[in-house]
Amino acid sequence: MEFAELIKTPRVDNVVLHRPFYPAVEGTLCLTGHHLILSSRQDNTEELWLLHSNIDAIDKRFVGPLGTIIIKCKDFRIIQLDIPGMEECLNIASSIEALSTLDSITLMYPFFYRPMFEVIEDGWHSFLPEQEFELYSSATSEWRLSYVNKEFAVCPSYPPIVIVPKSIDDEALRKVATFRHGGRFPVLSYYHKKNGMVIMRSGQPLTGTNGRRCKEDEKLINATLRAGKRGYIIDTRSLNVAQQARAKGGGFEQEAHYPQWRRIHKSIERYHILQESLIKLVEACNDQTHNMDRWLSKLEASNWLTHIKEILTTACLAAQCIDREGASILIHGTEGTDSTLQVTSLAQIILEPRSRTIRGFEALIEREWLQAGHPFQQRCAQSAYCNSKQKWESPVFLLFLDCVWQILRQFPCSFEFNENFLIMLFEHAYASQFGTFLGNNESERCKLKLQQKTMSLWSWVNRPSELSKFTNPLFEANNLVIWPSVAPQSLQLWEDSTNK
Amino acid sequence: MEHIRTTKVEQVKLLDRFSTSNKSLTGTLYLTATHLLFIDSHQKETWILHHHIALVEKLALTTSGCPLVIQCKNFRIVHFIVPRERDCHDIYNSLLQLSKQAKYEDLYAFSYNPKQNDSERLRGWQLIDLAEEYKRMGVPNSNWQLSDANREYKICETYPRELYVPRIASKPIIVGSSKFRSKGRFPVLSYYHEHKEAAICRCSQPLSGFSARCLEDEHLLQAISKANPVNRYMYVMDTRPKLNAMANRAAGKGYENEDNYSNIRFQFVGIENIHVMRSSLQKLLEVNGTKGLSVSDFYSGLESSGWLRHIKAVMDAAIFLAKAITVESASVLVHCSDGWDRTSQVCSLGSLLLDSYYRTIKGFMVLIEKDWISFGHKFSERCGHLDGDPKEVSPVFTQFLECVWHLTEQFPQAFEFNEAFLLQIHEHIHSCQFGNFLGNCQKEREELKFWRNMYHQFDRTLHPRQSVFNIITNMNEQNKQLEKDIKDLESKIKQCKNKPTDGILTKELIHSVHPESPTLKTSLCFKEQTLLPVNHALRTIEGSNPADNRYSEYAEEFSKSEPGVVSLEYGVARMTC
């Protein structure tokens, strides 16, 4: 398919651009296969380059011959274009609509993007599982790398290489995989060097209504416990939801079969509930007319901060089990690709000083989100403005970044990166010239040959000129565990992410 | 001392205010003539000044002892459990007496009230010279002069001696106008904007009733508008809601009739009165002190208290005032009922927006001195210094501080002082009530902020754990140290150069310096190492103990049942609730 077929009017003159907080700009509008460009064609003026994939929704309005297109972006920006001529306006609108909703991933911009900078370090090879494992192997010999998922046959959403207990062989892993949702058998997420306790994550066990059990699964989990030690299983669903899951073949670990483990249920909301929360939040932020009281009730009704609190509380609980109770934990929800990852990654931010550095945080995103199979393609397909509500769309990753921001605000000197870094990650997760966040898991990324055909976000970010924008000047490395406050009075709205 | 019967009680428990499982610290409670002191088993001391106590309550006896709840004016709330009821009763009675008996002379330290005369007060008095301040604004000048009408406090008791009025306003006009104004508070200058030649004036409401008028008062307002050569019309801002102002007419008071005054533009602003503010704050306090508060309860409580709406109303009024002066160069006359609460808020905030001087530490003190103390804001009654009418207590000044805090949040670089300074002032005015949240009122967007450090100053678990301020101060010190080192090294270099050296030696010197990178690096490393311990000392991270936090309570449940056989049913039930 040629992009040219979709572009009915490639160029319109005398278009006026309105953006909040900026003066209006008059210039020429151009449409290319991937960008909407507006340039005033004067020196020293900034040009607007907007990726079509960043467009969430558009509205058209006509007043006489003057057409207006309001573009709502996935990063919550709203811009307005005044286009003279009804036909041009309609053409532009339909072209944008077509170009911003392309079906095929391989038509996305990352496959066409050619970097203008010299690649110093290829980001695709910056955070290899083997290197990450080396960090642990000096401290412990109880774990090993397993290549059982090499062909993505055992678990389609896992990476080819995972870390598992040394005493468990690949054959046992294959059996455990049949007992866990999506084949997501328990793997190592984090090793706490201070006391050797670990965070593991998995999918829910497929106990079903008749209480199926799997000896290998029990053996695997118990293999992570030291002699005489107990562990905690944190289920990110309420007990009710977990019980209901049994009817669909899922379920939770029975105490009788896992006597050394105690189960804790902490409810973290999923999918459409989070998506609706985001929609309400953005709506409240964009409403300029309301007075203080309506703003507060709208903020409250969005429940956004309640979700933040739930997630942070669970992460703090997990961190506390590890650091204070000296107990290992296993975390899962249903699939183990959303709330599970929020909790495991936030717990690491709290516990591990390395994950508060720029490189460490990148490694965390790579390990706990990309490799761990968070379905970015599905979750970030649309944002707060889109009307076509698909049930798999959900701001799970944005909530995680917001939680990190809350901690960063409470500990402004403990993070090497600043708020801009988090905002940058949010923007690139939704629309990017880089291939990093494409695809739903490693298996899909492999098939798309992203490493060969696209550029990694990390190749760009980790250049000194870019890094300087994301560095926190107040950073002072400290080796402490940081315990954030989760009281409602301590949480704030992350304005810079929602108010553009 | 005659009120103190028991000076020391042992085995007293201090409850965690927010803990749902009644966590507590055990320690000893001491009662002194000025303070209540609690020392816990970690030797941590909690000092409570008797004057700070707003409310003491003895709750119903429990199995563990007699609970005693103390609410302070600086928003600290402590909950003790005293093992024996008799001790509790003694302390309760003593505190009731000690917290309420205070006379002016007894009040502690740094209050800005000029009627006091302890040494710090005097120093503050000498530090701030209001005549100097008016000179700084550029008055007296050709349009404004100093009036001696109130030299002996004859015309208005609640005004200062020295007042600035338009040059063309004669004494009979002033006297006549003051008789037409509530409490004799006639229109006088509060702030003069030299560049725009516009003035902020303040007064109380006119005694207009339904139809009364006063020619002198009309003349005085005319004189104020004439004193502004740029703009002939002036704004009259009534900071009350219109309904309140109309109700006042029935009592023979009211507001200016636009028909009687030439060249005025009349405007209501709608800031609620002190009683509304008091109950609003009270509601917030209740929300704020709730155990196990959920996010949605927090926000609905915040909204129903209306506190943020009130803050926004004050800020909006100040913005209106500042815009009238800077954009239209028009003079503004501000009043409310008596002209000492809302008027002080609006005048002082407006001046703060207009004049960067008031955003310095000294300037802020001058501002408080001028618009609050000298113009008779009733600190003692509003802050409940003495055992007086509880209906006169209101967080008017607290609101002003909050508004300023908002501005410091929005314009962090525009202020010389920081949050700690505001808190310190609040501490010292013995403010009376509590629990505020903040919202903000910049035109383009509304953001919500809760001034956590004000209302949870003593709840360490809710605090930001790292202070940027400390780090920056620390960095500044390091910088100074480094600069000093550079100077030392430079002087050493000079000394070395001055030394008589023969050719070979200099060559060696150059040689030893030349492979510069390694030596430089090692010296840098050394520097870092020496600096590190300093950082460690300052790098105390509050709350690095998770037991401080709410989420710890689950774990606490575990640890209790940990050693024995774990009862699983109990665990599950606990986790699902």
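This one's a predicted model, so the numbers in the text were calculated from it and none came from an experiment. All chains are named by letter (A, B, ...) in the order of the sequence lines, taking the proteins before the strands, and each is independently numbered beginning at 1.
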### Residues forming a ring-ring contact (aromatic ring centres under 6.0 Å, His included) with A:F475, sequence neighbours excluded
none
### Approximate separation, where rounding is to 0.5 Å, of B:Y299 OH and A:N303 CG
11.5 Å
### Query
Is the side chain of B:E303 donor-acceptor paired with the backbone N or O of A:S297 at a distance under 3.5 Å, no angle test?
yes
### Task
Identify, with sequence neighbours excluded, every residue that meets ring-ring contact (aromatic ring centres under 6.0 Å, His included) alongside A:Y190.
A:H192
### Message
Could you measure the distance from the CD atom of A:E300 to the CG atom of B:L302? Nearest 0.5 Å is fine.
### Response
9.5 Å
### Message
Using a 4.5 angstrom heavy-atom cutoff, name the option from B:S294, B:S300, B:G306, B:S304 with the most pairs to chain A.
### Response
B:S300
#### Entry: Rounded distance (nearest 0.5 Å) linking atom CG of A:L296 with atom CH2 of B:W307
14.0 Å
